[in-house]
Amino acid sequence: MTAASTAIVIGGGIAGPVTAAALQKAGIAAAVYEAYPAPSDGIGGDLALAPNGMRALGIIDADAAVRAIALPITGQTMSVNGRDIGVLPALHDIEPMQMVARGDLHRVLHDRAVEAGVVFHYGKRLVDVEQTVSGVLARFADGTTATADVLIGADGVRSTVRTLIDPDAPQAGYTGLLGFQGSAELATELDPGIMTFAFGRRAYYLYWKTADGRVTWGANLPSKRYLSLTEARAIPTDEWLAVLRDTYADDNPGGELARGTTEATLQVTGAIHIMPPVPHWHRGRMVLVGDAVHAPSNSTGQGASLAIESAIQLARCLRDLPDPASAFAAYEGLRRERVEKITRRGARTNSTKTPGPIARRFMQAFMPLMFKAMNFEKVMGPEQRYTIDWSEPVTGRHATVG
Ligand SMILES: Cc1cc2nc3c(=O)[nH]c(=O)nc-3n(C[C@H](O)[C@H](O)[C@H](O)COP(=O)(O)OP(=O)(O)OC[C@H]3O[C@@H](n4cnc5c(N)ncnc54)[C@H](O)[C@@H]3O)c2cc1C
């Protein structure tokens, strides 16, 4: 017997539709409630799905559809002050990272979830939850309500459900960086599928060539001032473009990328967050999944992939354990150590994104040697080879955290 027959999933981003589709596969009827009035309109830039995330998507049969809209990233290089310092080590016997437009990914996951039987409700901003012995009642900002056996908070890094579970829950931390994405023509020839991580004189950025021959780049702009997505988008795009052109002016090819980006191709993605450890992942019939409980920051390239893994593991636990309390404890036991370890790696990477002149010279001199000496299998193998066996039953022993 499953721990629940019905589930309310709050949030229609990445974790929400995957959790709902996996719950349907587990025999639990799931409905998604999303605050936005309609499915994503394609804004929000691109993101890379790691091999572990792609493998987890295979469990809900969404991997092929994602591959069909993705650009495989077949290699990664690093540059400091515009000087190439070498190819990053990689695991060669697994699928490459798959770069997708966020809006396209949302559409694929939505369509897959609908095929699995999930019902989506838009314009439903969760504001409160009442729990009873036998179920939950969700209240939305438009005055409507919904009931189910359990409620799953897949409502992102500024989660409402997190605070409903624990009013003292930590809020997302700010990395001190604002995210942007642009697109430009570049005179220099680039190999398609190669992503470059570039440490510029004043800020970090990354870039790769797309199928249309243009170059997409992501900027991480240092900013002491925190700006939410809404606040950042309230500032006119031409003002942001001027700031980016100034910041990357002396960088190669950063300067050319910033100058070639127009207002029409600039996407403002707002503050980049990192979640500190969340003491309470669940309470009663409510539980968290995805960025709401473990946003490792964009530096890891794992946020979406971890959200997908957690979604699948949560559905397995609800499928196999007799009640929400034991299912949520087992889920936390399966996930906490892994996601917190990857988040710590993200924090370390974030702290190196704005090196001073001496640190940049050190990186130029020693990074190639460090790449050669690095045991990449030991560092990245456990992250990228993580595999979930959907058919293996979850038992109460998984409830041990750590
Ligand atoms: C600049 C940037 C680059 C990134 N690059 C990568 C990358 O390359 N690879 C990677 O793996 N990850 C990347 N990430 C991280 C990745 O975007 C997140 O980890 C991922 O989106 C988490 O998915 P989620 O479903 O948990 O949350 P979200 O995608 O944030 O979805 C949450 C959803 O909940 C909805 N919602 C919020 N509150 C409510 C409410 N009260 N009621 C109803 N609905 C609500 C929101 O509208 C939203 O649709 C990047 C992030 C940023 C900012």
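Whatever order the structure lists ligands and atoms in, that order sets their numbers, starting from 1. Atoms considered below: every heavy atom in the structure, side chains included; atoms not considered: hydrogens, waters and symmetry mates.
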Problem set entry | Min N/O separation G16 to ligand 1 under 3.5 Å | no

Exercise. Would R338 count as a cation-pi partner of Y386, with NZ or CZ less than 6.0 Å from the six-membered ring centre and within 45° of the ring normal?
Worked result: yes

Exercise. Taking 4.0 angstrom as the limit, do K341 and E383 come out as a salt bridge?
Worked result: no

Exercise. Short list, please: which atoms of ligand 1 are under 4.0 Å from a heavy atom of T269?
Worked result: 1 (C)

Problem set entry | Atoms in ligand 1 with a heavy atom of G303 nearer than 4.0 Å | 10 (C), 11 (O), 12 (N), 19 (O)

Problem set entry | Backbone or side-chain N or O of Y36 under 3.5 Å from ligand 1 N or O | no

Exercise. Under 4.0 Å from ligand 1, counting heavy atoms only, is it the side chain of T160, its backbone, both or neither?
Worked result: side chain

Seminar exercise, completed: A48 heavy atoms within 4.0 Å reach ligand 1 at atoms 7 (C), 8 (O), 9 (N), 10 (C), 11 (O)

Exercise. Honestly, is R319 close enough over W390, meaning NZ or CZ under 6.0 Å from the six-membered ring centre and within 45° of the axis?
Worked result: yes

Problem set entry | Where G290 and A307 come nearest, the two heavy atoms and their spacing | CA-CB, 3.7 Å

Exercise. Would you say L126 has any N or O atom under 3.5 Å from an N or O of ligand 1, going by distance alone?
Worked result: yes

Problem set entry | Distance filter under 4.0 Å to Y33 heavy atoms, resulting ligand 1 atoms | 43 (C), 44 (N)

Exercise. Are any of the side-chain nitrogens in E340 or R335 under 4.0 Å away from the carboxylate oxygens of its partner?
Worked result: no

Problem set entry | I10, portion touching ligand 1 at heavy-atom distance under 4.0 Å | side chain

For this session: For A15, take its heavy atoms, then give the atoms of ligand 1 lying under 4.0 Å from any of them.
Result: 24 (P), 25 (O), 26 (O)

Exercise. Does ligand 1 have any atom that is closer than 4.0 Å to a heavy atom of A154?
Worked result: yes

Exercise. Do ligand 1 and V289 have nitrogen or oxygen atoms that lie under 3.5 Å from each other?
Worked result: no

Seminar exercise, completed: ligand 1 atoms nearer than 4.0 angstrom to some heavy atom of Q302 are 11 (O)

Exercise. Just heavy atoms, cut-off under 4.0 Å: does R102 contact ligand 1 by side chain, backbone, both, or neither?
Worked result: side chain

For this session: Can you sort out which atoms of ligand 1 are near S305, meaning under 4.0 Å from one of its heavy atoms?
Result: 11 (O)

For this session: Check each of D251, D250, D246 against R202 using the salt bridge (Lys or Arg N to Asp or Glu O under 4.0 Å) test, and report the only one that passes.
Result: D246

Exercise. Backbone or side chain, does any N or O of E34 fall under 3.5 Å from an N or O of ligand 1?
Worked result: yes

Exercise. Quick one: does E309's side chain get under 4.5 Å of I388's, heavy atoms only?
Worked result: yes

Exercise. Looking only at N/O atoms, are I14 and ligand 1 under 3.5 Å apart anywhere?
Worked result: yes

For this session: Using distance alone, determine whether A304 and ligand 1 share an N or O pair under 3.5 Å.
Result: yes

Seminar exercise, completed: Closest heavy-atom pair, R112 versus A62, reported as atoms and distance to 0.1 Å, is CG-CB, 3.9 Å

Exercise. Between R162 (side chain) and V157 (backbone), is there a donor-acceptor pair under 3.5 Å?
Worked result: yes

For this session: For the pair R259 and E256, find out whether any cationic side-chain nitrogen is under 4.0 Å from an anionic carboxylate oxygen.
Result: no

Exercise. K124 heavy atoms, cut-off 4.0 Å: which ligand 1 atoms fall inside?
Worked result: 42 (N), 43 (C)

Problem set entry | Distance flag for atom 40 (C) of ligand 1, protein heavy atom under 4.0 Å | yes

